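Just below is one structure, and these are the notes that go with it.
In listed order, ligands and their atoms are each counted from 1. Since the model is a prediction, treat every value here as computed from it, not as a measurement. Computation of the quantities below employed the complete heavy-atom set of this structure, encompassing side-chain atoms and omitting hydrogens, waters and symmetry-equivalent molecules.
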Amino acid sequence: MPPTFYDIHCHAMNLSHPNLLAFIKGIGWRVAGMISIPGLNSLIALLCNKYLSRSLNLLSVMENDIANFFLIIEYYLKAAGTVENDRITIGGNSYETILLTPLLIDFGYKNIKTDTFYRIPSQKPIVEQTIDVFNGIKKYREYELIKKGEDDFEIEKRNSRTIFEIYPFMGINTRNYEEEKMVIMLDKYFGDYTGSRDELRKNMGRFDGNIDAMKSNFFSGIKFYPPIGFDPWPENDSSELSKLKRLYEYCCEKNIPLTAHCSDGGFVFDENKSDMFTSPERWEMALQAYPQLKLDIAHFGKQDKKRFLFMPRSDWQKKIIELINNYPHVYTDFSCLAFDIEYYKSLRDLIESQPQKQKEKLLQRILFGSDFMINLLWSDSYNDYLETFIKADSTVLKPEQKHLFCSTNPERFLFGK
Ligand SMILES: [Zn+2]
């Protein structure tokens with residue numbers, strides 16, 4: 001079987017799914033940051049313009065239903081020739097399938113509120129997002145997007161092979177569930193989880209709209225989003241900690257892959273707590289108790305907030321490398337980071353700067369991720385992000401390293417024992 005290309009970190013959300021208050025707060029600080037720099041008005045205008053057009057691009061994707069979302073990405077990958085004759089070629093390797101694991105986010109956190117008249121915290125049950133995503137996958141399998149003329153597209157019964165295999169990660173914030181309810185939910189979606197791609201493939205597109213009838217092997221993993229109030233190791237909260245111990249034990253036993261957001265940006269509910277919960281140090285505590293956890297600590301721990309406003313920080317990145325060294329199943333991904341060749345150069349330098357043994361380990365644990373559609377705030381399209389990876393030449397990333405990042409490593413992360 002030809003190798004598969006994996007995008008281990010993307011999202012499939014439309015405008016009804018995210019908590020827009022957290023979303024706007026997340027974008028807001030960036031705009032505020034730009035405005036507070038004195039004497040840079042024209043630059044600000046330029047940046048705002050770029051930012052506005054990127055935001056519109058993002059919103060025009062998010063206005064779609066989830067099926068269209070997959071159909072649109074597929075259409076443009078083919079139209080631009082990134083996918084040619086049903087395959088993408090990267091560094092001499094040819095990939096027939098792109099495997100996506102859209103990460104669902106549990107936005108049901110009750111602390112996200114405003115100081116306005118209707119300050120009732122919103123309820124965002126993950127159920128609706130789940131139904132929409134699985135309906136979307138079903139429709140994606142059955143239909144395709146066809147260009148009929150300039151700006152004229154129609155969705156028709158599919159004649160072509162599907163490029164994507166799509167296996168979502170379930171979003172969970174344990175704070176939204178009582179312990180017993182959480183265990184019931186885990187049993188429903190992961191009770192018979194096997195970690196087998198064949199089992200997932202059998203279920204792909206088989207969702208009949210009835211979430212009560214949904215079983216194991218629809219979700220391929222679990223996603224955590226600490227900035228909106230999930231604490232990986234709530235050491236001072238015994239009932240919450242007890243839930244997490246049950247959860248981690250369950251995941252170790254069944255070898256379920258976990259992905260945790262790890263950058264100081266994103267949807268944030270409380271600046272101080274968010275950073276504390278998101279820090280990889282928090283995961284270190286969980287790993288000390290559960291060293292077998294299979295965990296992707298995402299975004300390579302990117303920290304945008306500078307020390308004393310100007311000194312770049314890399315302590316989260318360093319901690320992730322340390323955890324990769326110390327634990328056999330810890331991974332990281334470069335989603336929402338690799339927007340230009342400069343990023344890949346810095347990644348190369350980071351890898352090269354490690355002692356030989358650590359370097360080898362690190363090469364086995366880095367995963368390709370796009371963070372599509374969130375990444376549209378910094379990138380024009382899925383094509384763009386992927387092409388940057390494809391075009392990085394061998395002085396930057398060797399072909400065998402690319403293959404590790406986009407195929408061998410994510411395959412082991414998702415399906416390895
Ligand atoms: Zn993400």
(message) Main chain of F413, side chain of K294: is a donor-acceptor contact present, judged purely on distance under 3.5 Å?
(response)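 Looks like yes, one N/O pair under 3.5 Å.
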(request) Compute the centroid of each ring, for Y193 and then for F218, and state whether the two points are separated by less than 6.0 Å. (result)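 Not close enough - the centres of the two rings lie 6.0 Å or further apart.
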(message) So that I can check it, does any N, O or S atom in H9 come closer than 2.8 Å to the Zn ion (ligand 1)?
(response)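 Looking at H9, which is the residue asked about, there is an N, O or S atom under 2.8 Å from the Zn ion (ligand 1).
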(message) Quick check on the Zn ion (ligand 1): does H261 put an N/O/S atom closer than 2.8 Å to it?
(response)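 Under 2.8 Å: H261 has no N, O or S contact with the Zn ion (ligand 1).
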(message) Among the N, O or S atoms of D371, which one sits nearest to the Zn ion (ligand 1)?
(response)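 Sorting the N, O and S atoms of D371 by distance to the Zn ion (ligand 1) puts OD1 first.
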(message) Which label fits F207 and F134: parallel for a plane angle under 30°, tilted from 30 to 60°, or perpendicular past 60°?
(response)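 Ring orientation, 0 to 90° scale: tilted.
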(request) Might you confirm whether atom NZ of K391 has over 12 heavy atoms from other residues, nucleotides or ligands at distances under 6.0 Å? (result)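 It does not: K391 NZ has 12 such atoms or fewer within range.
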